[in-house]
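Some notes on the structure that comes next.
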2 protein chains.
Amino acid sequence: MLTQKVTAKDVAKLAGVSQSSVSRVYFEGASVSQKTREKVLEAAKELGYRPNEFARSLITNRTKIIGLVMKGVQNPFYPEVLKQFTSEFKKIGYSILFVHTNNDEIQKDDIDILLNYHVAAVIITDATLSLNAMEEFKDNKIPVVLFNRKIEKSSFYSVCCNNLNASEAIGEFLIAEGCSTLAYIAGNANTSTSIEREKGFTTILKKHHIQLEKYSSDYTYKGGYDIANEIIAKKHLPDGFFVANDIMALGVLDALRENNISIPFDTKVVGFDNIEMAAWPTYNLTTWEQPIDKMIAETMAYLIKEIEHYTGFAKNIEIDGKLIVRKTT
Amino acid sequence: MLTQKVTAKDVAKLAGVSQSSVSRVYFEGASVSQKTREKVLEAAKELGYRPNEFARSLITNRTKIIGLVMKGVQNPFYPEVLKQFTSEFKKIGYSILFVHTNNDEIQKDDIDILLNYHVAAVIITDATLSLNAMEEFKDNKIPVVLFNRKIEKSSFYSVCCNNLNASEAIGEFLIAEGCSTLAYIAGNANTSTSIEREKGFTTILKKHHIQLEKYSSDYTYKGGYDIANEIIAKKHLPDGFFVANDIMALGVLDALRENNISIPFDTKVVGFDNIEMAAWPTYNLTTWEQPIDKMIAETMAYLIKEIEHYTGFAKNIEIDGKLIVRKTT
DNA sequence: CTGAAAGCGCTTACAG
DNA sequence: CTGAAAGCGCTTACAG
C-alpha cells in the first residue's frame, strides 16, 4: 500500500491511455469504449485509485453532499428521520453533512457552513429559515426543503404531514369516544406544527360547541409532565387531551399516572408522531402516525429534480397520516 | 446580490492587491500587513466573497470535516453524543459528515465515503472497524477513534467509560442491597461494552460466591422486554438484574411491571448509560452514568492533536463514570 | 471514441 | 510584507 497519492495521471500511464479517458470512466454520462474502460478500471484497481472529490467539485461546482439541519435530537422522531435520509441518500451516492441548531430559526453561522461546502441541497427538519437566508440559498441555486415545518410564504418548499386533517380527525375521534371537555397541549408556540394542530382541533370542537382548554408547552417530555401536573393541581380534569407530540404526551401520561388518574377512564390522551416509545406497553399511546416514509420519498424526489435542474419551485406538500388507536383512549 | 461567483481574483481587483494577498488574509498563519488585510476584508464584504473550500482542500489535501459513524440511533445515548460532537467541533471550525451503518463492523461502502471526502478524522460511536480498514485510514493519515467501543489491539485508539470498574461497583452495590441471586442481561454478544460489563460483574459475584445467571439480548428495548418475559415465565426471579444498557433496562422494567412484580421489593434493576429516560418518573432507573462530557473532550483532544501532526498513536482510554441511585434498587 | 490543453479557485515556494 | 507563477487533480470543450 503506497501512501495513497494515486491520481488519474498515474492510472492513465499504467493503462496506456490519456488522463482524459480515465476521467471519463469515472464521470457518468461520458462516452468511453468498453476496451478503455476495462483497461482503466484494471489499472485503477491495481493502484488503488480514488477520484478526488474536491478536484471534481471545484470544476463542476457541485457536490454530492446534502446538508441536514436538525434541532430536536431529544425527540426520537428526528434521529429516525436522520437515519432514513442518510440511508436513502446513500443509495444514490449522496452523503449527509449534519448541522445541529439550537434555534428555531437557523442562524448565520450554520448557513455559512452549508454555503461554504456548496451542499447540493439542504433539508431542515425542525427549524425554519429567514427570508433573507432563503435568498442566499436561491442565489446559489441550492434547493431547500422544510421537513415537518412550513412557512406561509411562497418561497419555501415544505413537506409535512397533513396536520389540519389529522387534528380534525383526532377531535372527531375524542368526541366520538364521549369526551365533552377537551384540552390541547401545544408545542413551541411559533411552530407551524403546533399552530396547525391546534387549528384543526379547534375547528372540530367549535362545530360540536365544545370550548377548547389550551395549555402551552414546549415539545419536550418535561414540558408535558410539568403542564399536566399544573392541570391536575387545579382539580379540574378534562375528559380528554390532545397533546401536540408524543414525547410530551408521555410526560402527560406519567404525570397522570403518578396522581392515580386512570386512563382511559378518568381521562383520555392522544399524541402525535407515533414514535417507537408510543407503542411500548407502559404507554400504549393512541397517536397519529406521521407518514415518514412518504414524507422522505417526497422530499427526495423534489430535491433530486432540483439538483438536476434548479427552478426554485416552491410548494407546501402535505401527506395524510393515520390514527393509531391504542389504550389511552 | 450577484449570482455568487466571487473569487479571490475579484476581491483582489477591487482591493487593488494581488490575488495572493487575498488568499493570505484568509489563510491563518500567513503574514499580511494590517493595511492590506483591511482593504481585502472590505472588498470581500462588498462582494460577498467566500473562499472556496474545495479549491482549498485540493491543495492542502486536508478538510475541516469529521466523519462520524453511528449505528444505534434508536438508543438516545447516541443522538446525544452526535449533538455534542457537532456543537463542540463547530466551535473550532469543523463540520460533521454523518454516516449511518447497519453493521457492527463498518463496511467498505462507508469507509469509501470517508476516504473519498478526505475527512480530517473519524469517530465511530458504536461499531468497530476491521484491521484492514484501519490500515487504509493509517495510509491516509486519518486519525480514528472508537467511541464507546474498544478492540484489544494496539492499533486502535478508543475512548470508553471504565466498564470494568463500573460493573464491579454495580455488583458490589447490588450485593450490599441484599441480593443473593443475580442476573446479567447482555447486549450484542460481540460488543466490548457488553463483554466487559459482564466480566466485572462476574468477578464480584465470584468473590461473593454467587453464581451468575446470564441472559443474552441485543441492546434494544424490545430485546430487554422479551428476555424479561422469558425469565418471568420460568417462575424463577433473581433478586436483582444488571442490564447492560438503559434502553434494555426500560424494557425489562416494563415487562416486570406488567407481571405485577414490584420493584425494588421483588427484584431490583440496574441499567447503564444514564439516558434521559432513566430519570423519568415512570422508570426512575438506578443506573451508571457515562461521563459523556469527559469522553467527548478526551476524544477531541486526541483528534485535534493527530490532525495537527499525525502519529497514529493508539491507546485505550477509560474514564470513570458514577452510580446514580434511583428507585429501582 | 480519444487526446492535448485550458481552466476551476485556491495555496505556496520563490524573488524582491 | 507582497506579487507573479506554478500547480493541486480533476472536467470539459475542441479537434481529430
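In what follows, every chain begins at residue 1, and chains take the letters A, B, ... in the order their sequences are listed.
Partner of Tyr219(A) under the side chain to side chain donor-acceptor pair (under 3.5 Å) criterion, chosen from Asn188(A), Thr193(A), Asn75(A): Thr193(A).
Listed candidates were dG3(D), dC10(D), dC14(D). Nearest to the side chain of Arg24(A) is dC14(D). Side chain of Leu58(B), nearest nucleotide from dC10(C), dC8(D), dG3(C): dC8(D). Among the nucleotides dA4(D), dT2(D), dC8(C), the one closest to the side chain of Val32(B) is dT2(D). Nearest to the side chain of Thr60(B), among dT11(C), dT2(D), dC10(D), sits dT11(C). Minimum atom distance to the side chain of Thr7(A) is reached by dC10(D), of the listed dC10(D), dC1(D), dC10(C). The Ile59(A) side chain lies nearest to dC10(D) when the options are dC10(C), dC10(D), dT12(C).
Rounded to a whole Å, the CD atom of Gln34(A) is 10 Å from the P atom of dT2(C). Following rounding to the nearest Å, Arg50(A) (CZ) and dG9(D) (C1') show an atom-to-atom distance of 15 Å. Atoms CZ (Phe27(A)) and C1' (dG9(D)) sit 15 Å apart, rounded to a whole Å. One can place CZ of Phe54(A) at 14 Å from P of dT11(C), the figure rounded to the nearest angstrom. A straight line from CG of Asn116(B) to P of dC10(D) spans 11 Å, rounded to a whole angstrom. The distance between atom CD of Glu53(A) and atom C1' of dC8(D), rounded to the nearest whole Å, is 15 Å. Per the geometry, CG belonging to Asn52(A) stands 14 Å off C1' belonging to dG7(D), to the nearest Å. As a whole-Å value, the separation of Lys13(A) NZ from dA4(C) P is 13 Å.
Here Arg56(A) reaches the OP1 or OP2 of dT11(D): one of its side-chain N or O atoms lies under 4.0 Å away. In this model, the phosphate group of dT2(C) is approached by a side-chain N or O of Thr36(A) to a distance below 4.0 Å at OP1 or OP2. Within the structure, a side-chain polar atom (N or O) of Ser18(B) is placed less than 4.0 Å from OP1 or OP2 of dG3(D). The phosphate of dG3(C) (OP1 or OP2) has a side-chain N or O of Ser21(A) nearer than 4.0 angstrom. One finds no side-chain N or O of Tyr26(A) lying less than 4.0 angstrom from the OP1 or OP2 phosphate oxygen of dG9(D). Under 4.0 angstrom from either OP1 or OP2 of dT2(D) there lies no side-chain N or O belonging to Ser20(B).
Place Ala55(B) and Ser31(B) on DNA chain D by their nearest nucleotides, and Ser31(B) ends up nearer the 5' end.
Pairing partner, dT2(C): dA15(D), with both Watson-Crick or wobble hydrogen-bond distances short of 3.5 Å.
Ion pairing between Lys39(B) and Glu42(B) fails under the 4.0 Å rule for side-chain N and carboxylate O. Taking the charged nitrogens against the carboxylate oxygens, Lys305(A) and Glu308(A) have no contact shorter than 4.0 Å, which rules out a salt bridge.
Gln19(A) comes within 4.0 angstrom of a nucleotide base, judged by non-hydrogen atoms across all strands. Across all strands, Ser33(A) comes closer than 4.0 Å only to sugar-phosphate atoms, never to a base (heavy-atom distances). Using a 4.0 Å heavy-atom distance criterion, Val17(B) is classed as a sugar-phosphate-only contact.
For the pair Lys64(A) and Tyr94(A), the cation-pi test (distance below 6.0 Å, angle within 45°) is passed.
For residues 110-120 of chain B, the salt bridge (charged side-chain N to carboxylate O under 4.0 Å, His left out) pairs, not counting sequence neighbours, are Arg50(A)-Asp112(B), Lys90(A)-Asp110(B), Lys108(B)-Asp112(B). For residues 67-86 of chain B, the set of pairs meeting the salt bridge (charged side-chain N to carboxylate O under 4.0 Å, His left out) definition, not counting sequence neighbours, comprises Lys71(B)-Asp104(B).
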